[in-house]
Amino acid sequence: MSSPVVTRFAPSPTGFLHIGGARTALFNWAYARRHGGRMLLRIEDTDRQRSTEPAISAILDGLLWLGLDWDGAPLSQFARAARHREIAEELLRRGRAYRCYCTAAELEAMRERAAAAGLPQRYDGRWRDRPESDAPTGVAPAIRFKAPSEGETIIEDQVLGRVVFHNRELDDLIILRSDGTPTYNLAVVVDDHDMGVTHIIRGVDHLTNAARQSQIYEALDWPVPVMAHLPLIHGPDGAKLSKRHGALGVDAYRDMGYLPAAMRNYLARLGWSHGDDEIFSTEQLVEWFDLEHVGKSPARFDFAKLENLNGHYMRATADDALLAAFVAFLSHAPGGAAMLARLDDDARARLRLALPGLKERAKTLVELKDQAGFLVAERPLPLDDKARAILDGDGREVLTALLPVLEQTAWTAPALEAAVKSFAEARGFKLGKLAQPLRAALTGSSTSPGIFDVLVALGREESLSRLRDQAA
RNA sequence: GCGCCCUUCGUCUAGAGGUCCAGGACGCGGCCCUUUCACGGCUGAAACACGGGUUCGAUUCCCGUAGGGCGCACCA
């Protein structure tokens, strides 16, 4: 095989694709692409209670929106339960697993006793060496892995380095539930092996699992994949990411008006670096990505930086592409439908004209939407407080005087600018004194893009009639 | 509680024993540009958690301490 690297992203479909998962997927994706390998997708849906169909599509949609694709069809872990059971039996045959007849209540009591005594809460191995003849009747057994009780299990982690676990710290975990369904650690090992996964890149929350899984690989005489555990993403306060921070689905970021390219760039930079490079394309990411430069410490999610980066991408995106992205954004963004409904071909053409000026100051698509509102707003134009104050001042007077000048001017930005400038000079005004009421009357807002671009974008008739409305 | 992991400006990070009185980016302050807001340019404040070692020399290696995180389910 010429492309030996196989990575996988293995979310459990119990909710949306959150930001940490998105980054894990990105790293797996980048690593696979970097090495000309494949990234597989596996849905860890063995928990039938919590796994849902909507969650699966939310995750797939999230990946697609982010621009991350995978190789082959997504694999359902649940569908492979028979194979997992088969391997559990194999472990039993090899003497590396045993049946445990403990009841839930018994295990609970065991944990409570350990906690009360200040001891580690582990299974005490009471069925480990007990003969089957002791089996109580009427109790369906679970199958436990017979973990080595001495020595150490070592993970040569590509991010963390060598991590040593003392085997006495790791108890005999259940690999097959009493109802015959596999448990996470068994399923993961079997699937990763069967799928030919060579590199496991996931969050550090799986580090302990890595040790247990490594033991299972060894018991099966299977090669252990290369492992890399990524530090988690924290909230701005350093604590766990909560809903009010960034623990949102990627769809929430989409609705906040962030561009996928900016998200990719930001996420890649969170915990990974390539020297001092801050802004880089996805192609560069693929070219540069490595595990050596993934940091070991958790990173805090910083919206301010994401926003700044998004601004860069807004400006860097070609007008037509940005327009397309914006229209797509409107179709699902809160309040976007109303604007979309008013965005006929005519309005779209104006928007396209105004875009170069608009995108300079919009850091997100949401801001773009707000700032482009005047292009499709119904008349009479709603005015914000500041715009109203300007017009209620001497704004109307200025407009009235300026109107005839505009009516006689060629309708291009430079011509309009020249005309307004010479008018200002003749009157002894500062340009701002003219620009402010113009802007207020045309956009209903005191903060907006270049006023001459606005005039052009709106078109001669629309502009003049709006100005007449407000001057009257 | 037990185990494991982490620790450079407020934040993301560069740094792989001398090149570091620690560099970049975001954010923040100032100045410039400017009709507003942005953009851009210049500039300022801002960090090697603490304590021991090792070494001629530690941000960089080792050991503690403190702080933080993750894990400890018949969840994944």
Side-chain angles (χ1 to χ4, degrees), chain A residues 10-14 44-47 49-51 77 100 102-104 107-108 111 114-123 140-144 155 157 160-161 163-166 168-171 173-179 181 183-185 187-188 203-211 229 231-232 234 236 238-240 266 269-279 292-293 295-309 311-312 315 357 359-363 367 371 386 417 420-421 424 429-436 438-439 445-452:
Chain A
S12 63
T14 53
E44 312 225 309
D45 51 359
T46 53
D47 184 343
Q49 299 303 313
R50 303 196 302 152
S51 299
Q77 187 159 66
C100 170
C102 287
T103 62
L107 293 171
E108 179 61 26
R111 269 191 294 274
L119 295 170
Q121 299 177 29
R122 297 190 216 110
Y123 173 69
I143 296 180
R144 282 185 187 270
I155 303 297
D157 193 274
L160 268 14
V163 181
V164 179
F165 289 88
H166 295 282
R168 55 156 294 124
E169 307 291 345
L170 273 11
D171 62 1
L173 72 161
I174 287 177
I175 53 177
L176 201 72
R177 287 185 268 259
S178 51
D179 66 359
T181 59
T183 239
Y184 172 75
N185 280 298
V188 167
V204 268
D205 48 334
H206 287 290
L207 192 54
T208 311
N209 289 328
H229 290 88
L232 271 17
H234 288 180
K240 197 161 108 184
Y266 178 73
R269 197 65 189 64
L270 200 61
W272 174 80
S273 62
H274 184 265
D276 282 338
D277 294 309
E278 295 287 346
I279 297 175
E292 297 84 77
H293 291 87
K296 296 180 176 184
S297 51
R300 301 185 188 195
F301 195 87
D302 182 7
F303 273 103
K305 189 157 183 173
L306 204 213
E307 193 144 301
N308 173 276
L309 201 51
H312 277 279
R315 273 172 260 127
K359 74 178 182 183
E360 283 297 318
R361 50 223 100 200
K363 290 202 278 293
E367 288 183 9
Q371 292 173 19
K386 209 169 163 192
E417 182 169 358
V420 173
K421 267 188 178 154
F429 287 161
K430 285 208 64 168
L431 201 49
K433 188 167 173 67
L434 299 179
Q436 286 202 342
L438 266 179
R439 188 164 40 242
S445 162
S446 56
T447 57
S448 67
I451 191 62
F452 304 109

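Reckoned from all heavy atoms, side chains included, excluding hydrogens, waters and symmetry mates. In the text below, chain A, chain B and the rest are named by the order of the sequence lines, each starting its count at 1.
- Contact check on A:K359 versus A:E367 returns no salt bridge, with no Lys/Arg side-chain nitrogen under 4.0 Å from an Asp/Glu carboxylate oxygen.
- Within 4.0 Å (heavy atoms only), A:D45 reaches no atom of the nucleic acid at all.
- Base contact: A:R50 has a heavy atom under 4.0 Å from a base atom.
- Counting distance only, with no hydrogens placed and no angle test, the side-chain atoms of A:D205 and the base atoms of B:rG71 include no donor-acceptor pair under 3.5 Å.
- Base contact: A:E278 has a heavy atom under 4.0 Å from a base atom.
- Put simply, the side chain of A:D277 and the base of B:rA25 share no donor and acceptor less than 3.5 Å apart.
- Using a 4.0 Å heavy-atom cutoff across all strands shown, A:V188 reaches no nucleic acid atom at all.
- For the P atom pair drawn from B:rG40 and B:rC26, the interatomic distance equals 8 Å after rounding to whole Å.
- Among the heavy atoms of the strands lying under 4.0 Å from A:H206 is at least one base atom, whether or not backbone atoms are also near.
- With B:rC74, B:rC70, B:rU13 as the candidates, the nucleotide lying closest to the side chain of A:A142 is B:rC74.
- Closest to the side chain of A:A304, out of B:rG69, B:rC6, B:rG27, is B:rG27.
- Here A:L438 lies out of heavy-atom contact (under 4.0 Å) with every strand.
- Using N1 to N3 plus N6-O4 or O6-N4 for Watson-Crick, or N1-O2 and O6-N3 for G-U wobble, each under 3.5 Å, B:rG18 pairs with B:rC56.
- The partner of B:rC50 is B:rG64, judged by Watson-Crick or G-U wobble contacts that both fall below 3.5 Å.
- Contacts of A:G271 with the nucleic acid, taken as non-hydrogen atoms under 4.0 Å apart, involve only primed sugar atoms and P, OP1 or OP2.
- The residue among A:C102 and A:N308 whose nearest nucleotide of RNA chain B lies closer to the 5′ end is A:N308.
- Between B:rU13 and B:rC74, the distance separating the two P atoms is 35 Å to the nearest Å.
- Taking a pair to require two hydrogen-bonding distances under 3.5 Å in either a Watson-Crick or a G-U wobble arrangement, B:rA38 remains unpaired.
- Straight-line distance between the C1' atoms of B:rC48 and B:rA38: roughly 36 Å, to the nearest whole Å.
- You won't find any donor-acceptor pair under 3.5 Å spanning the side chain of A:K296 and the base of B:rC6, going by distance alone.
- As judged by a 4.0 angstrom heavy-atom cut-off over every strand, A:R269 is placed among the base-contacting residues.
- The distance from atom CG of A:L270 to atom CZ of A:R300, rounded to the nearest 0.5 Å, is 12.0 Å.
- Nucleotides B:rA58 and B:rG53 place their P atoms 11 Å apart, quoted to the nearest Å.
- Side chain of A:Y266 to backbone of A:D302: a donor-acceptor contact under 3.5 angstrom is found.
- Ranking B:rA76, B:rC4, B:rC74 by closeness to the A:Y184 side chain, first place goes to B:rA76.
- One C1' atom belongs to B:rG67, the other to B:rG18, and the distance between them is 31 Å to the nearest Å.
- When atom types are taken as modelled, the side chain of A:D157 and the backbone of A:H229 share a donor-acceptor pair closer than 3.5 angstrom.
- When Watson-Crick and G-U wobble pairs are counted only if both distances are under 3.5 Å, B:rG1 pairs with B:rC72.
- Minimum atom distance to the side chain of A:D302 is reached by B:rC26, of the listed B:rC4, B:rC26, B:rA76.
- Using a 4.0 Å heavy-atom cutoff across all strands shown, A:L270 reaches sugar-phosphate atoms only and no base atom.
- If you check every strand for non-hydrogen atoms under 4.0 Å, A:S273 touches sugar and phosphate atoms only.
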Check the pair A:D277 / A:R269 against side chain to side chain contact (heavy atoms under 4.5 Å, CB included), numbers first and verdict last. CA-CA 9 Å; A:D277 294 309; A:R269 197 65 189 64; 6.0 Å; no
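- If you take atom C1' in B:rG3 and the same atom in B:rG23, they sit 38 Å apart, rounded to whole Å.
- B:rC62 sits 25 Å from B:rC70 when the C1' atoms are compared, rounded to a whole Å.
- For B:rC72, its base never sits under 3.5 Å from the side chain of A:T208 at any donor and acceptor pair.
- Under 3.5 Å, the side chain of A:R439 and the base of B:rU35 form at least one donor-acceptor pair of N or O atoms.
- Across all strands shown, A:S51 has no heavy atoms under 4.0 Å from either base or sugar-phosphate atoms.
- Looking only at distances, no side-chain donor or acceptor of A:D171 sits under 3.5 Å from a matching main-chain atom of A:R122.
- Rounding to the nearest 0.5 Å places CD1 of A:I175 at 9.0 Å from OG1 of A:T183.
- Summary of the strand contacts: A:H312 and A:L107 both lie near RNA chain B, and taking for each the nucleotide with the nearest heavy atom, the more 5' one is attributed to A:H312.
- With a cut-off of 3.5 Å on both Watson-Crick or G-U wobble distances, the partner of B:rG27 is given as none.
- With hydrogens and angles ignored, a donor-acceptor pair closer than 3.5 Å exists between the side chain of A:K305 and the base of B:rA25.
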